[in-house]
Amino acid sequence: MEKLHVYNSLTRRKEVFEPISPPFVGMYVCGPTVYGDAHLGHARPAITFDVVYRYLRHLGYKVRYVRNITDVGHLENDADEGEDKIAKKAKLEQLEPMEVAQYYTDRYHEVMQMLNVLRPSIEPRATGHIPEQIRMIEKIIENGFAYVVNGSVYLDVVKYAQYYKYGELSGRENLDELLSGSRELEGQTEKKNPFDFALWKKASPEHIMRWQSPWGEGFPGWHIECSAMSIKYLGECTDIHGGGMDLKFPHHEAEIAQTNACLHPHPPRNEAKYWMHNNLVTINGQKMGKSLGNFITLEQFFSGNHPLLLRSYSPMTIRFFILQSHYRSTLDFSNDALTAAEKGLQRLLNGLRLAKELKTSPITTFDLNAYKASLYAAMNDDFNSAMVIAQLFEGIRLINAIDQGMEKITASDLEAFISLLNTFTFDILGLKQEIEDVTPRLEAVMNILIELRNEARKNKNYALSDAIRDKLAQNKILLKDTPEGTRWQFAPTE
RNA sequence: GGUAUCAUGGCCGAGUGGCUAGGCAGAAGUCUGCAAAACUUCUUACGGGGGUUCGAUUCCCUCUGAUACCUCCA
């Protein structure tokens, strides 16, 4: 079987995945900033790396998956006072900053659970790792890669670039171009160069979240938390570091620089062996953003309560929709696309249910091993979930063909076939049936109703039989008259 | 201006130097008291212009267009 290949953003190539210390795999993913509700843009990285996590575990790796919670607020780009983002919200709502962070952390967990996203192994908070961040900054200063100005600490990019490549990840290796491209902003006069970035920032008097440090009261810079926590829990160089494409620059570029500046390794270890970036979700071709007014939270998707939404979409529809595209492609949202995803998902899940009722034969008429290989080949090709789903539909086609007697399968092959389909659909892609479980009691009641209705149909009492069907439909139970008898199922949730 | 990514059939979206991904929608058919569902079949696309090649949607150049980022929003 072909080996797993991963697209490494650092080298811009697909590489064979070889963990640094097999069977262990360390994976760090940049988590949410908890000052607002999670939206579609949060679902994409969470689901992308959830599938990576699930598949690596499926392959037998012992994975430690770390996804942080950023609860140290960051400065508002356009805020007059340069107020801490979380602190600002706290003042508006008359809450403690940590209360706000806790509230949105809980909300984040709720929607992630609905999306069937597994909890990471460790979910560290930035505020819980201030000492680690301070020690890291001290080390960087010791190594001569940072300078202190007026209670703030900045990384000296020019100095750093004398020892290591800066800008490799984002293709910004020419510092002169970087210089000409950077914007002139207020309050940058402390820096030696505009592209130097803060490791520690002195707190202004109105800043609520602040900590004591060797350089006075302040708060950590915007990138140092991930580096500090990645090193703490996953070592000096982890296997995978993931996040959204929008984090490549400056966030991940800064992380690489900080980590090399702190550890001062030769050759550079760049914090992670494989850097993975998922692409963005767009709405009508545009990035989703609060300022653009096309910002839809996941909760709004689930409830349908947003002007851009024609109706509600279930968490699994969202998950399936995201997995239908490859994680490195942009994904454009629309009601039509989501409706199409919902129907496709329904077809997939209905087919899997049918598989359990198939009749077996003395022979199997198709190549089950080749089919299995195609599923693994798709996953091994940089987690191509879109290809996996296409192959799962090929599986559904086979199930229907068996049901119609056009293909045959042995009992043992059927067992293996069902197990394979379930493994990929539920364990690896993390989809799930959203309908409630059928209890034996409900099953018995349904059988009685179907029997009565069929009695009525036999007597050509269609008024009664249709009434039974319609009333059940009103209660989200659908009847289907097939040549094999009447089948029933729950209506898709809306 | 710089950096990066991308442009695929009515819609969404994979992929590939030659072998018509897949889903949704649409059409026809099978089944059926009706309905719904299901199944089968069909609709052969890769932004424009050059080039490399026996052959390019796939590689190279160029043009056009789109999106993101360019250090204090992650």
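Note on naming: letters A, B, ... go to the chains in the order of the sequence lines (proteins, then strands), and numbering restarts at 1 for each one. It should be emphasised that the depicted structure is a prediction, and the values quoted were computed from it without experimental measurement.
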**Message:** Please classify the nucleic acid contact of Ser170(A) as base, sugar-phosphate, or nothing, using heavy-atom distances under 4.0 Å.
**Reply:** sugar-phosphate

**Pairwise C1' distance for G2(B) and U58(B), with rounding to whole Å** = 29 Å

**Message:** Need one value for Ser465(A): base, sugar-phosphate or nothing, where a base atom within 4.0 Å counts as base even if backbone is also close, heavy atoms only.
**Reply:** base

**Side-chain N,O (Asn384(A)) to OP1/OP2 (G15(B)) below 4.0 Å** = yes

**Asked** When you measure from the side chain of Arg457(A), which nucleotide among C34(B), A14(B), G22(B) comes out closest?
**Response** C34(B)

**Message:** Need one value for Arg469(A): base, sugar-phosphate or nothing, where a base atom within 4.0 Å counts as base even if backbone is also close, heavy atoms only.
**Reply:** base

**Message:** At 4.0 Å (heavy atoms only), tell me whether Arg67(A) reaches a base, stays on the sugar-phosphate, or touches nothing.
**Reply:** nothing

**Message:** Does the structure place the NZ or CZ of Lys192(A) under 6.0 Å from the centre of the six-membered ring of Tyr147(A), at an angle of no more than 45° from the ring's axis?
**Reply:** yes

**Request:** Just compare C12(B), C24(B), A74(B) and give me whichever is closest to any side-chain atom of Ala337(A).
**Result:** C12(B)

**Request:** Give a yes/no on whether any side-chain N or O of Arg347(A) is located under 4.0 angstrom from OP1 or OP2 of A37(B).
**Result:** no

**Prompt:** Aromatic rings Tyr164(A) and Phe145(A): how do their planes relate, parallel, tilted or perpendicular, breaks at 30° and 60°?
**Reply:** tilted

**Request:** Just compare A74(B), U71(B), U5(B) and give me whichever is closest to any side-chain atom of Asn279(A).
**Result:** U5(B)

**Message:** Nearest to the Lys248(A) side chain among U40(B), U71(B), A4(B), which nucleotide is it?
**Reply:** A4(B)

**Fill in**
The answer to which of Phe321(A) and Pro250(A) contacts RNA chain B further toward the 5' end, by nearest nucleotide, is Phe321(A)

**Asked** Between Lys201(A) and Phe219(A), is NZ or CZ placed under 6.0 angstrom from the six-membered ring centre and within 45° of the ring axis?
**Response** no

**Message:** Students often get this wrong, so: under 4.0 angstrom with heavy atoms, is Phe393(A) touching a base, only sugar-phosphate, or nothing?
**Reply:** sugar-phosphate

**Message:** Taking the C1' atom in each of G47(B) and G65(B), what is the distance between them to the nearest angstrom?
**Reply:** 8 Å

**Request:** Please confirm whether Arg44(A) makes a cation-pi placement over Tyr327(A), using NZ or CZ under 6.0 Å from the six-membered ring centre and within 45° of the ring normal.
**Result:** no

**Request:** Select base, sugar-phosphate, or nothing to describe what Leu331(A) touches, counting heavy atoms under 4.0 Å on all strands.
**Result:** sugar-phosphate

**Prompt:** Should the pair Tyr55(A) and Tyr376(A) be assigned to parallel (<30°), tilted (30 to 60°) or perpendicular (>60°) ring geometry?
**Reply:** tilted

**Asked** Rounded to whole angstroms, how far apart are CG on Leu169(A) and P on A68(B)?
**Response** 20 Å

**Request:** Write down the distance between CD (Gln404(A)) and C1' (A37(B)), rounded to a whole number of angstrom.
**Result:** 12 Å

**Fill in**
The nucleotide from U40(B), C24(B), G15(B) with an atom nearest the side chain of Arg397(A) is U40(B)

**Request:** Could you tell me whether Asn400(A) contacts a base, only the sugar-phosphate backbone, or nothing, with contacts defined as non-hydrogen atoms closer than 4.0 Å?
**Result:** sugar-phosphate

**Request:** With sequence neighbours left out, write down each residue that passes salt bridge (charged side-chain N to carboxylate O under 4.0 Å, His left out) with Asp481(A), or none if nothing qualifies.
**Result:** Arg453(A), Arg457(A)

**side-chain contact (heavy atoms from CB on, under 4.5 Å) partner of Pro32(A), the single match among Ile69(A), Thr70(A), Thr105(A)** = Ile69(A)

**Asked** For RNA chain B, whose closest nucleotide is more 5', that of Ile396(A) or that of Met245(A)?
**Response** Met245(A)

**Request:** Using the P atoms only, state how far G50(B) lies from U71(B), rounded to an integer number of Å.
**Result:** 41 Å

**Request:** Describe the nucleic acid contact of Asn350(A) in one word from base, sugar-phosphate, nothing, applying a heavy-atom distance below 4.0 Å.
**Result:** nothing

**Message:** In terms of relative ring orientation, are His223(A) and His251(A) parallel, tilted or perpendicular, with 30° and 60° separating the classes?
**Reply:** tilted

**Complete:** Considering only heavy side-chain atoms of Tyr166(A), the closest of G22(B), A74(B), U71(B) is U71(B)

**Message:** Counting only side-chain heavy atoms from C-beta out, which of A14(B), A74(B), U71(B) sits nearest to His326(A)?
**Reply:** A14(B)

**Request:** Provide the distance between the two P atoms, one in G48(B) and one in A36(B), to the nearest whole Å.
**Result:** 41 Å

**Request:** Determine, using ring centers only, whether Tyr371(A) and Phe417(A) are less than 6.0 Å apart.
**Result:** yes

**Request:** Tell me which nucleotide among G13(B), A37(B), U71(B) gets nearest to the side chain of Phe195(A).
**Result:** U71(B)

**Message:** Tell me whether the ring of Trp222(A) lies stacked over the A74(B) base, given a 5.5 Å limit on centroids and a 30° limit on the plane angle.
**Reply:** no

**Message:** Would you measure the distance from the P atom in U52(B) across to the matching atom in U43(B) and give it in whole Å?
**Reply:** 35 Å

**Message:** Is it the case that the base of C39(B) and the side chain of Asp403(A) share a donor-acceptor contact (distance under 3.5 Å, atom types as modelled)?
**Reply:** no

**Prompt:** If the P atom of C6(B) is compared with that of G13(B), how far apart are they to the nearest Å?
**Reply:** 14 Å

**Prompt:** For A25(B), does OP1 or OP2 lie under 4.0 Å from any side-chain N or O of Lys343(A)?
**Reply:** yes

**Request:** Could you work out which one of C39(B), A74(B), C34(B) sits closest to the side chain of Asp466(A)?
**Result:** C34(B)

**Asked** What distance, rounded to whole Å, do you find between the two P atoms, one in U57(B) and one in C46(B)?
**Response** 8 Å

**Prompt:** Would Tyr160(A) and Phe197(A) count as a close aromatic pair, with their ring centres under 6.0 Å?
**Reply:** no

**Prompt:** For atom P, what is the distance between U44(B) and G22(B), given to the nearest Å?
**Reply:** 14 Å

**Message:** Taking Watson-Crick (N1-N3 plus N6-O4 or O6-N4) and G-U wobble (N1-O2, O6-N3), each under 3.5 Å, can you produce the dot-bracket string of RNA chain B? Use [ ] for crossing pairs and | for inter-strand ones.
**Reply:** (((((((..(((.....[...))).(((((.......)))))....(((((..]....))))))))))))....

**Request:** Compare the minimum distances between each of A68(B), A14(B), A74(B) and the side chain of Ala386(A), then state the nucleotide with the smallest one.
**Result:** A14(B)

